[in-house]
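Shown next, in structure tokens, is the structure this report addresses.
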Amino acid sequence: DRSPQQQGHHGRCEYRIDPDNVNAGLLQVLRYFVPEFRDVPDDAIEIKKLTGGVTNALYRLSSSRVQERRGEIPVVIRLYGHKTEDFIDRNREVLIQQAACDLGVGPRLYGVYANGCVYGFIPGRPCEPKDLADPIISQHIAKAIARWHRIDVKLPKEEGEGGHDRSSPVLWHSLHKFYRMVAKAAKEPNQPAKNKIADFKYSVEDLDKEVDAIKAVVTKLGSPILFCHNDLLAYNILIDDSANTVDFIDYEYASYNYRGYDIGNHFAEYAGFECDYSRYPDEAHQRRFIRTYLEAMAEPTGAGAGAGAGSSASSVVTEGAVTQLYVEANMFALASSLCWGMWALVQSQSSSIDFDYYDYARLRIDHYFQNKERFMNLMSKL
């Protein structure tokens with residue numbers, strides 16, 4: 001590939017990092033987008049691969065010769081996973097990344113190259129799944145979700161796409177898209193020997209029926225459609241212990257969606273990638289989390305907050321409102337397990353990341369079927 005200095009322009013370039021020569025490519029991209037590093041020699045730049053991602057590879061680049069600035073330097077370079085553009089709209093992701101920066105909830109976006117993007121580093125340690133149950137950390141996360149849900153982001157409306165505004169939740173678009181990709185992959189003659197979709201525990205027809213079944217139920221809940229992160233697993237949440245703050249990273253799935261999905265998906269992520277559902281939060285923990293979230297949503301909206309997103313200037317939250325969202329969250333946790341299970345099946349056919357997507361798909365969809373009746377019975381609380 002030609003160097004980005006030869007090929008690109010400010011904010012975007014067509015340079016592609018070679019997966020077989022990653023470090024050299026990272027340095028090329030860094031120097032193109034971040035002027036402070038252009039005169040820094042290779043041996044003075046530290047490259048550290050960040051852990052936790054199962055869609056992309058992430059690298060942190062820094063140097064003692066370049067002064068740190070929160071959300072700008074050090075720099076993170078994301079290398080997109082193989083064929084992830086098949087189910088992630090990268091142009092929309094860039095718009096969201098820039099909007100998050102402009103609204104003060106995300107780091108600086110430096111630019112985009114052919115198979116990745118470059119943005120500022122937010123200090124903090126990534127959460128571990130066990131951190132999510134911490135009563136103090138969970139309260140910070142609830143408030144941070146409310147900050148996101150009060151944002152208005154203008155997204156382009158594209159034919160066949162969802163999640164572009166408050167009338168169009170992305171969930172059903174995602175579920176149907178992943179189902180179509182699974183169904184298509186099941187017919188491919190050259191599937192990985194150990195990961196054949198035809199041998200999967202659940203048939204393609206089973207998954208199709210469940211998408212329709214869960215949609216028929218949760219659409220009756222009236223869950224508000226707000227701007228959501230949609231991927232609040234532990235490693236996408238950074239804790240700055242010194243500042244007692246929480247930040248979210250990785251916005252590739254962010255768009256308009258049901259509030260219940262964002263919170264229910266987060267509760268499902270207490271189980272971690274190993275899917276240890278003994279860590280799924282109990283009702284008392286969920287109700288504390290939900291009350292904190294609703295109180296934050298009820299606070300007066302500030303600059304950049306979406307009109308109508310906050311429910312009221314009053315901080316009084318009723319038990320009925322908590323119960324409503326408690327039911328929403330658990331019902332949408334079912335949809336989350338179905339969605340990420342099919343996503344993982346798709347990934348099992350093409351991803352080069354060292355992760356057992358096939359078994360992860362089984363565990364997530366197992367959780368859906370094992371809890372479907374119990375969670376649906378929560379509807380009687382309403």
Side-chain angles (χ1 to χ4, degrees), residues 1 4-5 7-17 25-26 28-35 37 50 53-61 69-122 147-149 151-166 168-170 173-174 177 226-233 235-236 238 247-257 262 304 306 343:
D1 286 347
Q5 286 85 350
Q7 180 74 7
H9 56 83
H10 180 72
R12 186 179 291 270
C13 72
E14 297 306 315
Y15 179 74
R16 180 175 295 273
I17 291 181
L26 293 172
Q28 290 269 32
V29 168
L30 176 70
R31 292 192 176 107
Y32 176 72
F33 286 111
V34 191
F37 286 89
L50 303 176
V54 293
T55 303
N56 314 287
L58 301 172
Y59 300 87
R60 177 184 184 270
L61 286 84
R69 299 193 300 272
R70 192 182 194 281
E72 296 187 14
I73 295 173
V75 172
V76 174
I77 299 182
R78 179 187 297 172
L79 181 58
Y80 296 150
H82 180 56
K83 297 184 76 173
T84 54
E85 67 278 4
D86 289 350
F87 53 86
I88 296 173
D89 184 336
R90 295 299 184 185
N91 291 325
R92 176 181 284 189
E93 178 190 3
V94 170
L95 290 174
I96 291 168
Q97 183 97 23
Q98 187 61 60
C101 173
D102 294 343
L103 293 167
V105 295
R108 175 178 177 178
L109 175 67
Y110 284 100
V112 180
Y113 61 99
N115 56 338
C117 62
V118 184
Y119 51 91
F121 177 78
I122 297 176
R147 286 197 298 273
W148 268 74
H149 286 184
I151 288 172
D152 274 330
V153 178
K154 296 187 183 302
L155 297 175
K157 183 177 182 179
E158 299 178 18
E159 190 68 30
E161 296 287 328
H164 51 82
D165 61 26
R166 295 180 192 275
S168 174
V170 77
H173 166 73
S174 297
K177 177 168 63 175
L226 305 170
F227 187 69
C228 296
H229 185 283
N230 293 319
D231 192 20
L232 288 174
L233 52 85
Y235 302 107
N236 284 343
L238 298 180
D247 290 286
F248 300 153
I249 59 172
D250 289 1
Y251 313 135
E252 58 199 344
Y253 298 104
S255 56
Y256 285 92
N257 208 354
D262 220 13
W343 167 89

Asp262 and His149 side chains, donor-acceptor separation under 3.5 Å:
yes

Identify the residue among [options] that makes a side chain to side chain contact (heavy atoms under 4.5 Å, CB included) with [X].
X: Val75; options: Leu30, Leu26, Val29; answer: Leu30
X: Tyr253; options: Asn236, Ile88, Leu232; answer: Ile88
X: Ile151; options: Ile96, Leu226, Leu103; answer: Leu103

With rounding to the nearest 0.5 angstrom, report the [atom1] to [atom2] distance, [X] to [Y].
X: Glu72; Y: Phe121; atom1: CD; atom2: CZ; answer: 14.0 Å
X: Tyr113; Y: Tyr80; atom1: OH; atom2: OH; answer: 7.5 Å
X: Leu61; Y: Ile77; atom1: CG; atom2: CD1; answer: 4.5 Å
X: Arg90; Y: Gln97; atom1: CZ; atom2: CD; answer: 11.0 Å
X: Lys157; Y: His164; atom1: NZ; atom2: NE2; answer: 4.5 Å
X: Arg12; Y: Cys117; atom1: CZ; atom2: SG; answer: 10.5 Å

Nearest heavy-atom pair of [X] and [Y]: which atoms, and what distance?
X: Phe227; Y: Ala254; result: CZ-CB, 4.1 Å
X: Pro107; Y: Gly71; result: CB-O, 3.5 Å
X: Phe33; Y: Pro35; result: O-CD, 3.5 Å
X: Pro74; Y: Arg60; result: CG-NH2, 3.3 Å
X: Tyr15; Y: Gln28; result: OH-CG, 3.7 Å
X: Val76; Y: Gly120; result: CG2-O, 4.3 Å

Run Phe37 and Ile73 through side-chain contact (heavy atoms from CB on, under 4.5 Å) and show every step you take.
CA-CA 10 Å; Phe37 286 89; Ile73 295 173; 4.2 Å; yes

Where do Ser174 and Trp343 land on the side-chain contact (heavy atoms from CB on, under 4.5 Å) test, with the steps shown first?
CA-CA 9 Å; Ser174 297; Trp343 167 89; over 6 Å; no

If we ignore hydrogens and angles and just use 3.5 Å, is the side chain of Tyr256 paired with the main-chain N or O of Asp152 as donor and acceptor?
no

Quick one: does Asn115's side chain have a donor or acceptor within less than 3.5 Å of a partner on Ile17's backbone?
yes

Using side-chain contact (heavy atoms from CB on, under 4.5 Å), reason through Leu238 and Ile249 one step at a time and then give a plain yes or no.
CA-CA 8 Å; Leu238 298 180; Ile249 59 172; 3.6 Å; yes

For Tyr251 and Trp148, take the angle between the two ring planes, folded into 0 to 90°, and tell me which bin it lands in: parallel under 30, tilted 30 to 60, perpendicular over 60.
tilted

Applying side-chain contact (heavy atoms from CB on, under 4.5 Å), run through Glu93 and Val112 and close with a yes or a no.
CA-CA 11 Å; Glu93 178 190 3; Val112 180; over 6 Å; no

